[in-house]
Amino acid sequence: MSEDNTAEFIEAQASSLALPGQTLPDKLYIIPIHNRPFFPAQVLPVIVNEEHWAETLELVSNTDHHSLALFYVDQPVTDPRHFDTASLPEHGTLVRIHHASRGDGKLQFVAQGLNRVRIRGWLKRHRPPYLAEVEYPQNADDSRDEVKAYGMALINAIKELLPLNPLYSEELKNYLNRFSPNQPSPLTDFAAALTTAAPKDLQEVLDTVPILQRMEKVLPMLRKEVEVARLQSELSAEVNRKIGDHQREFFLKEQLKIIQQELGITKDDRSADADEFRARLQGRTLPAQAQKRIDEELAKLAILETGSPEYAVTRNYLDWASSVPWGLLGADKLDLGHARQVLDSQHAGLDDVKSRILEFLAVGAFKGEIAGSIVLLVGPPGVGKTSIGKSIAESLGRPFYRFSVGGMRDEAEIKGHRRTYIGAMPGKLVQALKDVEVMNPVIMLDEIDKMGSSFQGDPASALLETLDPEQNAEFLDHYLDLRLDLSKVLFVCTANTLDSIPGPLLDRMEVIRLSGYITEEKLAIAKRHLWPKQLEKAGVPKNRLAISDAALRLVIEGYAREAGVRQLEKQLGKLVRKVVVKLLEDPQAKIKIAPKDLESYLGMPHFRTEQVLSGIGVITGLAWTSMGGATLPIEATRIHTLNRGFKLTGQLGEVMKESAEIAYSYISSHLKTFKGDPTFFDQAFVHLHVPDGATPKDGPSAGVTMASALLSLARNQAPKKGVAMTGELSLTGQVMPIGGVREKVIAARRQKIHELILPEANRGDFTELPEYLKEGLTVHFAKRFADVAKVLFP
């Protein structure tokens, strides 16, 4: 658009408008708009892209009527050169242009709607500027009574809208400046333009030329707009009322607080806080040092401003210091009968562990108090270490607090942060004392073998002071910076293995070992505890679902053969869930699970009855793992006689490799003693293999087993069947003691092996085992390897 034409165009005034009855142009330039349809009764600014529509507006400015047609389209026209003009709706609006201006790549003008317009034919349609021949549809007779009635209804609805939103008043003024309220066609178009109806619905109104039909469409739209505006007004009023109520309440509270302070009825925040902390300390026996420190902090609190950061720090400190149950001790139930009843009701098996705990409680009962004791429960996962800790607390009548130290890397978790740090807090032990409200609870430190260390400190070292009976009477928390007496606390720690616990920490604890369960114990646990628990969890009555002992035994041996009972509990839960589906389908059904049903519910068994390997050079060993005991078959074979050699396979650690080398050296040098061919190893290349190569194995207790496999190979004689063994072998043939006797005996029983060879030095460990574990076993105790050979090769 040229500068002269633009100036002329901008100066165009409303005095030159096309008035009713004035000749309307029969050719118009067309611009598509996409926000919503433009109505003849509207006067609104319109913004278009300068790049696409500048030429169109320049040509319009050169016309006498300064008018163009606006047509609504669904999507914005991004590239008019590829716009399909056939997609334009039937009707658009003739508008006159006022006050055109440009800026930032946009053209803005005020469009004054004049009349409906319909395209009769195209003069230019493939690229802007679009030019078309147009015609103007005429309204039918609008003097009928129905039209007048609708007009009155529209005017009444517009009157209802006016008080609800001031914008409606401005639009009404613009309308009344141009039209009489008695003209039904512009009135209907104006009413439609006031609504926020969908563009598609508004275009339908624009396309409806007969006035009565148009009014029938617009009146419901306007009524809906009135309802929405009224609801919005009510919501705004409600929000304003609530805000006003809150402000009024706040001011009244502040006034009341000041009046009460003037009259001495209440105290300010500082006095109230100080009084609360003093009230907490009433009846508690504080050490002199702690009393002095707390008094100093209370004095500081009295002079600090409540809004200062130091006030918050001091208040938080006093909150914690006054929450510690200084000198409060709970009364112990030192009744061995009650303790025995609690342990028996909550745990099947574990007789040696129960008796050890009862001995520990008996000493406390004899002395009159249980103090300064740190118990460490060691055993595979799922054998009930955590629940035994809870049972100890229940049998003593003490509160129980448990937290896991597994993966803990920050010593501040134990001993607290310094007060100078932002977000500082006391350690877990102070938090525990606050929660239990006595100084002699049972505190369980779970997974103590899985603590880590990092640049933030070594929590295992931080526990040394906590768990040392000689030091924990003076335990110092970094946050409180006060001495706490933890000597009355009964600490119960749990671990899966002792290997990763630092020696100094282990030295402070009394170790109680929990081994895995045999099938009979698991059966009792499942019947007494696990199965009823799963039925209760699923809400199934006992009379509608039962499981036979044979099915339980098959679940234990085929699906859950690990040392603990956690996997067994999962399998029983799976069984119950599967059966509940059937119970829902048949509400009257009563189901009893038999062994033959298990495969349909649980799939194929994970474990099969393993056949104990036998033959020349094959020996069954016994191994200990953190998951319990296991059998360990060891195989030896001669590959060829071309040269002397020894090959070792299986995922073996350094200690086990050394055991194999010792076994090879010992058997090679003593073949004549054990009636083997003295020259056998001179030409033989021997391969020794420990199966299950995916599982890491390490430890010295396979030395005797490896030597026996090599001797069987050299004698070319199969060893006695059904014998398993364990023991460390020295280079001089001594059979050295090993650990984990209970776990290894359980592993042998699980594999139906009833003849064992154990080191003589472990005779005492075997004697201490419960009778039900020793029953039916034939055990040979060996001092030297010769004792082993006598059993294997009688």
Side-chain angles (χ1 to χ4, degrees), residues 345-350 353 377-391 402 404 406-407 444 446-447 449-450 494-497 514-542 544-584 591-610 625-630 692 694-695 743 746-747 749-751:
S345 66
Q346 297 183 358
H347 301 277
L350 304 176
V353 177
L377 302 172
V378 184
V383 294
K385 299 183 294 295
T386 305
S387 58
I388 280 185
K390 290 180 183 174
S391 300
R402 173 195 165 274
S404 175
M444 171 165 278
D446 232 346
E447 313 292 355
D449 56 328
K450 298 179 183 64
T494 71
N496 294 133
T497 175
L514 284 80
S515 302
Y517 298 108
I518 60 174
T519 302
E520 285 73 18
E521 290 175 326
K522 283 188 176 181
L523 191 62
I525 292 168
K527 288 169 69 175
R528 284 171 49 185
H529 300 289
L530 304 182
W531 183 252
K533 179 180 174 184
Q534 292 301 326
L535 290 180
E536 183 183 354
K537 192 175 177 183
V540 179
K542 292 180 182 178
R544 294 198 62 195
L545 176 57
I547 185 169
S548 67
D549 286 2
L552 269 180
R553 188 179 291 274
L554 185 54
V555 172
I556 292 164
E557 294 180 347
Y559 299 88
R561 204 181 280 180
E562 83 289 354
V565 292
R566 196 168 285 142
Q567 189 64 30
L568 175 59
E569 185 174 6
K570 288 179 183 176
Q571 295 298 333
L572 294 178
K574 186 177 179 182
L575 264 180
V576 172
R577 291 195 302 273
K578 296 277 187 186
V579 174
V580 163
V581 175
K582 292 190 174 183
L583 292 176
L584 282 176
I591 296 176
K592 182 164 186 178
I593 300 171
K596 59 181 172 47
D597 304 322
L598 291 180
E599 282 193 20
S600 63
Y601 291 131
L602 301 179
M604 296 298 290
H606 306 157
F607 302 96
R608 296 287 184 183
T609 304
E610 296 177 16
T625 69
S626 62
M627 301 294 285
D692 195 8
T695 306
E743 288 87 347
I746 289 173
R749 291 188 73 97
R750 196 182 291 131
Q751 292 297 336

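Small disclaimer: the values here were computed from a predicted structure and weren't measured.
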### Query
Quick one: does Y559's side chain have a donor or acceptor within less than 3.5 Å of a partner on Q567's backbone?
no

### Task
Just do the side chain to side chain contact (heavy atoms under 4.5 Å, CB included) check on H529 and V565 with the steps written out, would you?
CA-CA 11 Å; H529 300 289; V565 292; over 6 Å; no

#### Entry: Least distance between heavy atoms, S548 atom then A594 atom
OG-CA, 4.0 Å

### Query
Which residue pairs pass the side chain to side chain donor-acceptor pair (under 3.5 Å) test when at least one of the two sits in residues 532-542, sequence neighbours left out?
K533-E569

### Task
Taking all non-hydrogen atoms of both residues into account, name the closest pair between P541 and G539 and its distance.
CD-O, 3.7 Å

### Query
Out of V579, L602, V555, which one pairs with K574 under the side chain to side chain contact (heavy atoms under 4.5 Å, CB included) rule?
L602

### Query
Can you tell me how far CD1 of I591 sits from CG of L583, rounded to the nearest 0.5 angstrom?
4.5 Å

### Query
What pair of heavy atoms forms the shortest contact from V580 to A538, and how long is it?
CG2-CB, 4.3 Å

### Task
Using salt bridge (Lys or Arg N to Asp or Glu O under 4.0 Å) as the criterion, list what pairs up with K592, not counting sequence neighbours.
none

### Message
On a heavy-atom basis, which atom in P532 and which in A526 lie closest, and how many Å separate them?
### Response
CD-O, 3.8 Å

### Query
So, K522 side chain and A560 main chain: donor-acceptor pair closer than 3.5 Å or not?
yes

### Query
Can you check whether P381 reaches N496 side chain to side chain, under 4.5 Å on heavy atoms?
yes

### Query
What distance do T494 atom OG1 and D449 atom CG have between them, rounded to the nearest 0.5 Å?
7.5 Å

### Task
Could you tell me whether R566 atom CZ has more than 12 heavy atoms of other residues or ligands within 6.0 Å of it?
no

Report, one line per pair, each donor and acceptor closer than 3.5 Å where one atom sits in a side chain of residues 384-391; sequence neighbours left out.
{"residue": "K385", "atom": "NZ", "partner": "G379", "partner atom": "O", "Å": "3.3"}
{"residue": "K385", "atom": "NZ", "partner": "P380", "partner atom": "O", "Å": "3.0"}
{"residue": "T386", "atom": "OG1", "partner": "D446", "partner atom": "OD2", "Å": "3.2"}
{"residue": "S387", "atom": "OG", "partner": "G384", "partner atom": "O", "Å": "3.1"}
{"residue": "S391", "atom": "OG", "partner": "Q346", "partner atom": "OE1", "Å": "2.5"}
{"residue": "S391", "atom": "OG", "partner": "H347", "partner atom": "NE2", "Å": "2.9"}
{"residue": "S391", "atom": "OG", "partner": "S387", "partner atom": "O", "Å": "3.0"}

### Task
Calculate, to the nearest 0.5 Å, the distance between atoms CG and CG belonging to L535 and L572 respectively.
9.5 Å

### Task
Working to the nearest 0.5 Å, report the span between OH of Y601 and CZ of R577.
13.5 Å

### Working for side chain to side chain contact (heavy atoms under 4.5 Å, CB included), residues L598 and L575
CA-CA 8 Å; L598 291 180; L575 264 180; 4.0 Å; yes

#### Entry: Side chain to side chain, E599 and P605, heavy atoms closer than 4.5 Å
yes

### Message
Rounded at 0.5 Å granularity, tell me how far CG in L568 sits from CD1 in I556.
### Response
5.5 Å

